[in-house]
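Only this structure's heavy atoms are used, side chains among them; waters, hydrogens and symmetry mates stay out.
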Amino acid sequence: MEPITLTTERLLLRPFAPEDTDAVYEACQDPAIQRWTVVPSPYARDDADTFTRRLVPDGWRDDTMYNFAVVPHDGGALAGAVGVHRRPDPGTFEVGYWTTREHRRRGYTTEAVLAVARWAFTALGCDRLEWRAEAGNEASRAVALGAGFRMEGDQRSALVNKGVRRDGWLGSLLPSDLGLPSAVAYVPDGAAAPR
């Protein structure tokens with residue numbers, strides 16, 4: 001897929017580029033980003049270079065992973081990252097994100113996640129967008145809830161982060177949650193199947 005740019009009221013979401021390497025490196029020095037996400041720890045400049053020069057373009061080209069740099073419209077530094085990748089189940093994708101320390105608590109990440117979710121539902125044929133986080137990651141959970149994700153439960157030993165299995169939380173967002181049609185009919189539990 002050709003990389004695209006999305007806009008919201010306050011944000012520009014564009015594919016990461018090699019020019020973002022230094023900003024990604026600086027952002028990922030944050031202990032909270034290293035603790036709660038799967039970025040390497042310690043995070044080296046080579047990790048940022050690999051991300052911006054290889055992983056991001058390869059994901060777009062292979063149509064498997066779509067990573068966006070989140071930047072305020074009014075300019076300034078990188079505010080965060082939002083990525084969507086395909087899960088093994090057809091029509092199912094997973095969203096992940098991080099926010100730089102100076103841009104937290106402004107609602108930017110929720111705004112960016114909603115924009116990416118709408119795009120995934122309308123452009124990728126996504127019928128189920130999943131959110132997963134390590135149990136205890138309250139900041140990530142607050143973003144997911146703010147974006148309308150429904151919490152579906154706890155999963156024991158569900159995530160591997162830095163070689164350690166950890167308990168996880170799972171939530172989902174469906175096209176209908178945003179007033180959008182699904183690519184495949186959805187029959188909620190207890191409802192009559194369409195004819």
Side-chain angles (χ1 to χ4, degrees), residues 3-17 20-41 43 47-48 51-52 55-56 59-60 65-85 87 93-124 126 128-152 159 161 168-175 177-180:
I4 62 142
T5 298
L6 305 173
T7 58
T8 70
E9 183 179 327
R10 301 181 296 165
L11 304 170
L12 177 73
L13 286 72
R14 58 169 175 73
F16 280 96
D20 296 311
T21 300
D22 289 341
V24 170
Y25 171 74
E26 291 300 323
C28 291
Q29 297 311 299
D30 182 343
I33 291 175
Q34 290 187 25
R35 166 63 181 92
W36 294 111
T37 72
V38 295
V39 302
S41 181
Y43 194 85
D47 296 319
F51 177 72
T52 60
L55 295 177
V56 170
W60 282 96
M65 185 170 48
Y66 318 92
N67 285 291
F68 295 90
V70 179
V71 182
H73 274 302
D74 59 8
L78 177 70
V82 176
V84 173
H85 70 268
R87 301 275 304 154
F93 291 74
E94 183 174 339
V95 66
Y97 42 83
W98 50 257
T99 310
T100 60
R101 183 181 320 225
E102 61 273 16
H103 290 100
R104 292 180 187 148
R105 301 195 192 311
R106 296 183 188 182
Y108 284 169
T109 307
T110 300
E111 188 174 321
V113 167
L114 277 166
V116 170
R118 283 186 186 93
W119 172 74
F121 292 143
T122 58
L124 299 178
C126 177
R128 177 181 165 86
L129 185 60
E130 294 182 342
W131 162 84
R132 296 170 194 275
E134 183 179 329
N137 189 345
E138 296 291 346
S140 182
R141 185 182 182 105
V143 168
L145 287 169
F149 281 75
R150 180 183 290 183
M151 295 299 116
E152 296 181 337
L159 305 172
N161 191 357
W169 288 332
L170 173 66
S172 70
L173 189 69
L174 305 180
D177 296 331
L178 300 181
L180 299 169

Q) Could you walk me through whether Leu173 and Leu178 pass the side-chain contact (heavy atoms from CB on, under 4.5 Å) check? A) CA-CA 8 Å; Leu173 189 69; Leu178 300 181; 4.0 Å; yes
Please report the shortest heavy-atom distance between [X] and [Y], naming the atom on each side.
X      : Y      : value
Pro15  : Ile4   : CD-O, 3.1 Å
Arg104 : Asp30  : NH2-OD2, 2.5 Å
Glu9   : Glu111 : N-OE2, 3.6 Å
Val24  : Tyr43  : CG1-OH, 3.5 Å
Thr100 : Ala27  : CG2-CB, 3.7 Å
Leu13  : Ala115 : CD2-CB, 4.5 Å

**Q.** Asp22: salt bridge (charged side-chain N to carboxylate O under 4.0 Å, His left out) partners, not counting sequence neighbours
**A.**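 Only Arg45 meet the salt bridge (charged side-chain N to carboxylate O under 4.0 Å, His left out) criterion with Asp22.
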**Q.** Partner set under salt bridge (charged side-chain N to carboxylate O under 4.0 Å, His left out) for Arg106, not counting sequence neighbours
**A.**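 Applying salt bridge (charged side-chain N to carboxylate O under 4.0 Å, His left out) to Arg106 gives none.
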Between atom [atom1] of [X] and atom [atom2] of [Y], what is the distance when rounded to the nearest 0.5 Å?
X      : Y      : atom1 : atom2 : value
Glu138 : Leu145 : CD    : CG    : 9.0 Å
Asn161 : Arg35  : CG    : CZ    : 7.0 Å
Trp131 : Arg141 : CH2   : CZ    : 5.5 Å
Arg14  : Thr7   : CZ    : OG1   : 13.5 Å

[X]: side chain to side chain donor-acceptor pair (under 3.5 Å) partners, not counting sequence neighbours:
X      : value
Gln34  : Ser41
Glu152 : Arg128, Ser172
Trp169 : Asp154

Can you find a heavy atom in the side chain of [X] that is under 4.5 Å from one in the side chain of [Y]?
X      : Y      : value
Arg101 : Pro31  : yes
Val39  : Ile33  : yes
Tyr66  : Val116 : no

Q: Sort out for me which residue in Asn67, Asp20, Thr21 forms a side-chain hydrogen bond (donor to acceptor under 3.5 Å, both in side chains) with Thr52.
A: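 The option that passes is Thr21.
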Q | Ser140 and its side-chain hydrogen bond (donor to acceptor under 3.5 Å, both in side chains) partner, picked from Tyr97, Trp36, Trp98 | A |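 Result: among Tyr97, Trp36, Trp98, Tyr97 is the only option passing the side-chain hydrogen bond (donor to acceptor under 3.5 Å, both in side chains) with Ser140.
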(Q) Determine whether a donor-acceptor pair (N or O, by modelled atom type, separation under 3.5 Å) exists between the side chain of Asp47 and the backbone of Tyr25. (A)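 Judged by distance alone, no pair lies under 3.5 Å.
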Q | Test side-chain contact (heavy atoms from CB on, under 4.5 Å) applied to Val113 and Phe149, step by step | A | CA-CA 10 Å; Val113 167; Phe149 281 75; 3.9 Å; yes
Q: Answer yes or no: are there more than 12 heavy-atom neighbours, outside Arg150 itself, under 6.0 Å from its atom CZ?
A: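 Counting other residues, nucleotides and ligands, CZ of Arg150 stays at 12 neighbours or fewer.
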Q | Phe121 vs Leu129, side-chain contact (heavy atoms from CB on, under 4.5 Å): CA-CA, chis, key distance, verdict | A | CA-CA 8 Å; Phe121 292 143; Leu129 185 60; 4.0 Å; yes
Can you list, pair by pair, the side-chain donor-acceptor contacts under 3.5 Å of residues 72-84, counting residues two or more places apart and other chains?
from: His73; atom 1: NE2; to: Thr8; atom 2: O; distance (Å): 2.7
from: His73; atom 1: NE2; to: Leu11; atom 2: O; distance (Å): 3.0

**Q.** Intermediate values then yes/no, side-chain contact (heavy atoms from CB on, under 4.5 Å), His85 and Arg87
**A.** CA-CA 7 Å; His85 70 268; Arg87 301 275 304 154; 4.3 Å; yes
Q: Classify the ring geometry between Trp119 and Phe68 as parallel (under 30°), tilted (30 to 60°) or perpendicular (over 60°).
A: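 Rings of Trp119 and Phe68: perpendicular, over 60°.
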Q) Do the two ring centres, one from Phe16 and one from Trp60, sit under 6.0 Å apart? A)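 Distance test on ring centres: not under 6.0 Å, no.
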